[in-house]
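These notes are about the structure you will find just below.
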There are 2 protein chains.
Amino acid sequence: MIPGEGTGGCCPQYHRAVELIGRRWTGAIVAVLLAEDAPRRFSELRAAVPGLSDRVLSQRLRELEVEQLLGREVHAGPPVRVEYALTPKGRDLAPVVRALEHWGQRWMDCGGSGSLAVAAGPSADDHRLG
Amino acid sequence: MIPGEGTGGCCPQYHRAVELIGRRWTGAIVAVLLAEDAPRRFSELRAAVPGLSDRVLSQRLRELEVEQLLGREVHAGPPVRVEYALTPKGRDLAPVVRALEHWGQRWMDCGGSGSLAVAAGPSADDHRLG
DNA sequence: TTCGTCGCTTCACTTTGTGAAGCACCGGTA
DNA sequence: TACCGGTGCTTCACAAAGTGAAGCGACGAA
């Protein structure tokens, strides 16, 4: 199905965007490519995003290439290398990634336990309806 | 598995954040709740997000409640009503959602075709590696 | 009685993601 | 010669997540 195919409360562009970069691992891949804003090879990306499988990495790279968030460049040495780099469209996701990083650092429990549901807010004590 | 359980290129908080709000439909639900910043009922959310099924809506609401992004309030009338509203933690996602909305409006093809891969950039013509 | 609304839950089915292995190519080592 | 490791993927069988449709108990309206 195609989500966002109706006008219901949120604009379809936002919906398309969140369904695109919200796909599993896509946010992590984009963040790694944004980190230094340098081209990355397949194995570098795989190494930089721990739980990511080869299959999904190649799938995501193809999706992002189709959506023109990144470009693929093949360097024919004798050891052929493939590099992926963000396009301007992809690079323009930097504010989104930074905002989400900021939110994560502010609200996600980071130091000790790896578990969830830990109140870690800065002005905590009113985590209720308001 | 738990993604982000290694330090590999991106901070685990960001990873947790993107995997949380990047879950399917979650971004749309949060955006609707942010839209007016008013409590919403189950059926309102369902109506506001077209393709979303009841099952996933209730699942997402529970996840977001567990993560303390929203609170659930039961109003016992004779017609019992359940309202969901963002907590401060959830409301603090507003910059993220706004940034992504902005990106979507800038880069996502919106007017005519519903298809993808349409160059629609503002300073378009250099969608390549740079 | 029958109908509809409320907030869900349950069902069978499809799509998506998983770890592990494999593949064609290359250069180095033994 | 055979083997080894690294490159960028692809393929496989299986598990998890998402799908549309139906159902559920409580209630009010016709």
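Every chain is numbered from 1 and lettered A, B, ... according to where its sequence line falls, protein lines coming before strand lines.
Distances shown here put every side-chain N or O of Trp25(A) at or beyond 4.0 Å from the OP1 or OP2 atom of dT16(C). Between Gln59(A) and dT16(C), a side-chain N or O to OP1/OP2 separation shorter than 4.0 Å is absent. Taking side-chain N and O atoms only, Ser43(B) has a distance below 4.0 Å to OP1 or OP2 of dG7(C). Using a 4.0 Å cut-off, some side-chain N or O of Ser58(A) falls inside it from OP1 or OP2 of dT10(D).
When distances are taken from the side chain of Arg62(B) to each of dC8(C), dT9(C), dT18(C), the shortest belongs to dT9(C). Checked against dC8(C), dG20(D), dG8(D), the side chain of Tyr84(B) finds its nearest nucleotide in dC8(C). The side chain of Asp54(B) lies closest to dT9(C) when the candidates are dT9(C), dT18(C), dT10(D). The Phe42(B) side chain lies nearest to dG7(C) when the options are dG17(C), dG8(D), dG7(C). The side chain of Arg55(A) lies closest to dG17(C) when the candidates are dG8(D), dC8(C), dG17(C). Candidate nucleotides dC8(C), dG18(D), dG8(D) were compared by shortest atom distance to the side chain of Val82(A), and dG8(D) ranks first.
At whole-Å resolution of the value, CG in Leu57(A) and C1' in dG19(C) are 15 Å apart. With rounding to whole Å, Arg60(B) atom CZ is found 8 Å from dA17(D) atom C1'. For Ile29(A) and dG8(D), the CD1 to P distance is 14 Å, given to the nearest whole Å. Residue Leu61(A) contributes atom CG, which lies 10 Å from atom P of dT10(D) at whole-angstrom precision. Computed from coordinates, the Leu70(B) CG to dG7(C) C1' distance equals 15 Å when rounded to whole Å. Whole-Å rounding puts the Arg46(B) CZ to dC6(C) P distance at 7 Å. The interatomic distance linking Leu52(A) (CG) with dG8(D) (P) rounds to 14 Å, in whole Å. Summarising the geometry, the separation between CG on Leu20(A) and P on dT16(C) is reported as 14 Å, rounded to the nearest angstrom.
At the heavy-atom level, Val56(B) lies under 4.0 Å from base atoms of the strands shown.
Partner Glu83(B) forms a side chain to side chain donor-acceptor pair (under 3.5 Å) with one of His75(B), Arg72(B), Arg41(B) and no other, that one being His75(B).
Residue Glu65(A) holds its CD atom at 11.0 Å from OG of Ser58(A), rounded to the nearest 0.5 Å.
Of the possible donor and acceptor atoms, none in the side chain of Arg40(A) sits under 3.5 Å from a partner among the backbone N and O of Leu33(A).
In this view, Arg98(A) satisfies the side chain to side chain donor-acceptor pair (under 3.5 Å) rule with no residue, not counting sequence neighbours. Contacts of Glu63(A) classified as side chain to side chain donor-acceptor pair (under 3.5 Å), with partners at least two apart in sequence or in another chain: Arg60(A).
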